[in-house]
Amino acid sequence: MFKILYLELYLLLFGNCIGDYSDWDTKWQILCPGLYPRAFTSYTPHGNLSSGIYTMQPHLSSMKHCVATCCTKTTCNVALMHNGTCYHVQCESSKICMPLYRKDLANENPPSMILVKPVEEDEMWSDLLDQMNDDTGGFLMDGTEGDHILFGGSSCITQTNCLEHEICVKSEDKSDIGICQCSTGFKRNMAGICTLMEDIELGVTPQMKTQSIKDSSTSVKPPIKRLLVSVVSKEVRLPENEVTLSAYTVPAEQKNEHYNYAWSLLSQPDGHTGIMTNQNRMTVKLSNLSEGLYTFKVTVNGPNAYGEAYANVSVLPPKRINQPPIAIISPASQVVKLPNTGAVLDGSSSKDDDRIISYRWELQQGPIGYHPNLVDTPTLQLDNLIPGNYTFKLTVEDSNHITNSTSANITVLKVTDYPPSANAGQDIIIYLPQNTLTLNGNLSTDDHGIANWEWTKSPSDQNKAVDMQNTRTPYLQLSNLEEGMYTFVLKVTDDSEQSSIAEIHVFVKPPTNKPPKADAGEDITIALPETKTVLDGRKSKDDIKIVSYHWEQMSGPNKAEFSAINESVTNITKLTKGDYEFKLTVIDDNGNKDSDAVKVKVTQNKNAPPKANAGGDQVVVAPISALIINGSRSIDDLRISEWIWTRDPSSLAIGTIVQNTDKSPILMLTDIVPGRYVFRLKVMDDQGLNSEDTVSVIVKPDPQLLHLVELTLNIGANMLTVSQKNSLVLKLQMLLRDEASIIVRNLRAEPHTGRAVLIFYVEKKGKVTMHGPEVVKRLKEKLRQDSGLLQLSVANIDTAVCQNNCSGHGVCDQETRLCMCEAFWMQNLIQKYFGNGDSNCDWSILYVIIALLSLVVCWVGLIWGLVCLCQRICIGKRRSLRTKKKPPRYSLLQPEPEDESNTFSTHKMVLSESDTDSDDILFEHRKAKNSSQVRNGKSRNGFIKVGSRVKT
């Protein structure tokens, strides 16, 4: 326990554990003898998850507590912080827990580990690190095995993703993803850079190597040893804005050597101020610091030695000056009247400049016998209060443990309980044969409510027969009453056993009432076109009172309509030619009834023509499933016997009339298209008189027509359920995003295939409709990436109306979605089969023919050239294979004596031919009129070949 307290005290005094731990060698060896005084940032144990057992410590949020807890455990060898979570590692062996640099994790929040205790008792972490450095040139290796399990590995796709001297090695299970590893002959150094193996063995850094190249012409320097440099990160709180950082080296400076220090600022808060003094010394002084985080780097150079370290300086804001809390109770005073026994005291409105950490309630004053259950919460709920005065005290405590108190008063009053007041109602008179009655005592009252009801018969009426029911309720039911007077007593009692009584008298009289006499009035005669009249039954009589009137039709050519069927006077309408009979029934207050009939005769003096009314012009907006035109408002003095709807010649012809509705008052038309429909209504009465009226209906085009999208599914329309359709619409909305909503216009079956076709348009926020082609494009892109996003297989997605302009040289066929090109134009086959696949009319047939002819000529020329080239090559080969002969010699022959026109010189001319491949020499012959045959061994031209010579 003493070691743990000492450890925590040291952590609080000397700051964060994240950084370098140069001064732990002497202070922590007692607590953690094997502790290696350095935090390895961007490192993980060499074996990753196979290094040992990882135990998460979620309650430890900082490295200092993570290390301190690890020191106290015998099974903890390494403390690891990753993503703000502490892990204690129980290693299989000390070597397998050596630090391994993770370049892929060197991000804004890299993992950090500290070597706490080696597994072997006689082994020290420093010895193992030295051994690992000697064996591998630094304990930084590629570390690909098991990297993806805990932290996520560094991957590459091509060689360009890796650094210099690294290659991308493809993994076996993922052929397109690999891991960057050092090339042959290279290993990673302390900086995570792939360096020549001989440089790592000699301890040469890239900077040293660069310098050694420059100085190689003069001298060869010995290997540079690595200095272990550590700096303790510090915190300072404003207004204090000065701090010093000291760099410690292992090994330290000797008498005969001197280290050079160079401090540099790596990062600072926005708008920072600060002054750095002695930045080339072991201890640097920082002053005039502002709030935020500063990051510094120190490099130490010595004779054949180099090292560096990093440190943080956190400048905290000034401490808050605490203000005492203010306790507030709402309400501060209240009065509670019984029977209410509860109250609420609210202290949640208490204030503090930081926060209130506790509420404490106390009862300072209260009546004897009251024992409250006080809960220390902001709001106090009180129950079971008894009459008296109460004083409750609230004490609040803030985060600096400063308290404040206030009080609230509650007065509980006992209210006077008054006796109830019974009310059995007014006296009642009834006449036989009525012998049942219900008495109502609900007018009785009490200040706290009536607990019991009791009805009894007066003692003076005990011998009178009567049946009583529900005597313990406010409503007493009486039956089998006899002639005479009854007295009934109502007694009511409250919760305090206080009671009150009241009496009611019931007088039962003999049956003296006579039945009523109904009078429906005199018979009525009216003439068309009058179609209504009034029935008056107010002359009906009763000796007391008529309580009910009821009119009904007994006969007539049609059914008339009553304005008030249960009144003494009523209007009847929609009468037609013929005789009607109506009956009036009246009932008095004793249930006696009587009836009377009245006849109404409707005649026709003169037939009036009907008046047609087609309903008036109207404007509708597509789409509509059916167009309904109502002509039922047409009228006639008798009745309309025939309805005829005809289409006007100027009307659109398309549209199907539903089930002979053109012969009825209401016309129904389906298969509607945008345009103007004009119909003429002709009505005719029984005498042949008629009337006509015309109605015009303008059907405007669907404003969403160009935005409608047709989604064809690979599922029959007879198999698609409502749940599947709703799920499909929801997934389409998720694919489109942008707060889009799918408005389903129609769901139909494809005519030829029977597949389900969903027709919809997309409406974004603000009632803005997305363009149909844009919706089709976005959905196709999404489904091209993953065809299973909608779960239901999609056969096709396209706009409901073909919007392909066919390159301006044709029209789009709505059924096939193909372009019908104009004359001398055709489809761009390259774009159709190798491009986006849309139909078009891009190519001019004239240009295509010219291009094809040019292509044919080019091909013919090319083939001809190749044939000529082959012939020349073959002739050359034959010539080279023939044996070279001695060149022939030729002599000029003398001309014949008889041919004096061709005279040659008498001297001999010898002709020779230089190297030739043929024995035959061709001369230009002069054609004579006679035959050119050779005569007497001589040529007609004067030449003859003799052996290999030609003589004249």
Side-chain angles (χ1 to χ4, degrees), residues 320-425 440-455 470 472-475 490-502:
R320 178 179 55 85
I321 299 176
N322 184 55
Q323 299 293 331
I326 300 175
I328 300 174
I329 301 177
S330 298
S333 178
Q334 58 181 308
V335 176
V336 178
K337 295 182 179 180
L338 293 179
N340 298 326
T341 60
V344 175
L345 297 177
D346 185 10
S348 60
S349 57
S350 301
K351 302 177 182 179
D352 186 62
D353 58 340
D354 182 21
R355 62 188 179 91
I356 296 176
I357 63 173
S358 70
Y359 297 81
R360 187 172 70 256
W361 294 91
E362 300 177 67
L363 176 60
Q364 290 185 314
Q365 177 185 342
I368 298 175
Y370 178 70
H371 302 286
N373 181 20
L374 302 180
V375 182
D376 292 336
T377 57
T379 301
L380 179 62
Q381 177 73 46
L382 298 173
D383 296 317
N384 302 321
L385 295 174
I386 60 178
N389 295 321
Y390 299 81
T391 301
F392 290 92
K393 177 182 179 183
L394 170 63
T395 302
V396 296
E397 182 180 358
D398 65 6
S399 56
N400 288 73
H401 304 292
I402 305 300
T403 61
N404 183 256
S405 301
T406 188
S407 299
N409 298 320
I410 298 178
T411 302
V412 180
L413 301 178
K414 184 176 181 180
V415 181
T416 303
D417 186 10
Y418 295 97
S421 175
N423 188 338
N440 188 354
N442 63 354
L443 296 179
S444 304
T445 59
D446 184 67
D447 53 353
H448 298 298
I450 296 175
N452 295 308
W453 306 77
E454 183 181 4
W455 289 91
N470 300 329
R472 297 291 181 177
T473 66
Y475 307 97
L490 171 63
K491 180 180 180 181
V492 294
T493 307
D494 63 8
D495 292 331
S496 301
E497 299 299 329
Q498 301 180 92
S499 61
S500 173
I501 60 174

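One-based numbering along the sequence shown. Values reported hereafter were calculated over all heavy atoms of this structure, with side chains retained and with hydrogens, waters and symmetry mates removed.
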Could you check if a side-chain atom of [X] sits within less than 4.5 angstrom of a side-chain atom of [Y], using non-hydrogen atoms only?
X    : Y    : answer
S399 : R320 : yes
S358 : V396 : no
T377 : Y359 : no
D417 : H448 : yes
N409 : F392 : no
I410 : L345 : yes
Y390 : P367 : yes
E397 : P325 : no

As an exercise, state the distance from [atom1] of [X] to [atom2] of [Y], rounded to the nearest 0.5 Å.
X    : Y    : atom1 : atom2 : answer
W453 : Y475 : CH2   : OH    : 8.0 Å
N373 : L363 : CG    : CG    : 12.0 Å
I356 : I402 : CD1   : CD1   : 13.0 Å
S405 : K393 : OG    : NZ    : 4.0 Å
Q364 : T391 : CD    : OG1   : 6.5 Å
N322 : N400 : CG    : CG    : 3.5 Å

Option among V492, T493, T445, D495 that satisfies the side-chain contact (heavy atoms from CB on, under 4.5 Å) test with P420
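Output: one option passes, namely V492.
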Taking all atoms of both residues into account, what is the closest heavy-atom pair of [X] and [Y], and its distance?
X    : Y    : value
L382 : Y370 : CD2-OH, 4.1 Å
A502 : A424 : CB-N, 3.9 Å
N442 : N440 : OD1-OD1, 2.7 Å
L374 : W361 : CD1-O, 3.6 Å
P419 : D446 : C-OD1, 3.5 Å

Salt bridge (Lys or Arg N to Asp or Glu O under 4.0 Å) assessment of D398 paired with R355:
CA-CA 6 Å; D398 65 6; R355 62 188 179 91; over 6 Å; no
Could you please spell out the steps behind the side chain to side chain contact (heavy atoms under 4.5 Å, CB included) verdict for D383 and L385?
CA-CA 6 Å; D383 296 317; L385 295 174; over 6 Å; no
In terms of heavy-atom contacts, does CD1 of I386 have more than 12 from other residues, nucleotides or ligands at under 6.0 Å?
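Correct, the count exceeds 12.
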S444 (side chain) donor-acceptor with N423 (main chain) under 3.5 angstrom
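Checked: pair present.
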Is a donor on one side and an acceptor on the other found under 3.5 Å between the side chain of W455 and the backbone of R472?
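Side chain of W455 to backbone of R472, a donor-acceptor pair under 3.5 Å: no, none is there.
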Sequence neighbours left out, cut at 3.5 Å: what donor-acceptor pairs do the side chains of residues 326-343 make with other protein atoms?
unit_1 : atom_1 : unit_2 : atom_2 : d
Q334   : NE2    : V344   : O      : 3.3

D447 vs Y418, side chain to side chain contact (heavy atoms under 4.5 Å, CB included): CA-CA, chis, key distance, verdict
CA-CA 6 Å; D447 53 353; Y418 295 97; 3.4 Å; yes
Stepwise, does the side chain to side chain donor-acceptor pair (under 3.5 Å) test hold for S496 with D494?
CA-CA 5 Å; S496 301; D494 63 8; 4.6 Å; no
Would you check, one step at a time, whether the test side chain to side chain contact (heavy atoms under 4.5 Å, CB included) holds for D352 with Q323?
CA-CA 7 Å; D352 186 62; Q323 299 293 331; 5.6 Å; no
Determine whether K491 and S500 satisfy the following criterion, side chain to side chain contact (heavy atoms under 4.5 Å, CB included), listing intermediate values before the conclusion.
CA-CA 6 Å; K491 180 180 180 181; S500 173; over 6 Å; no
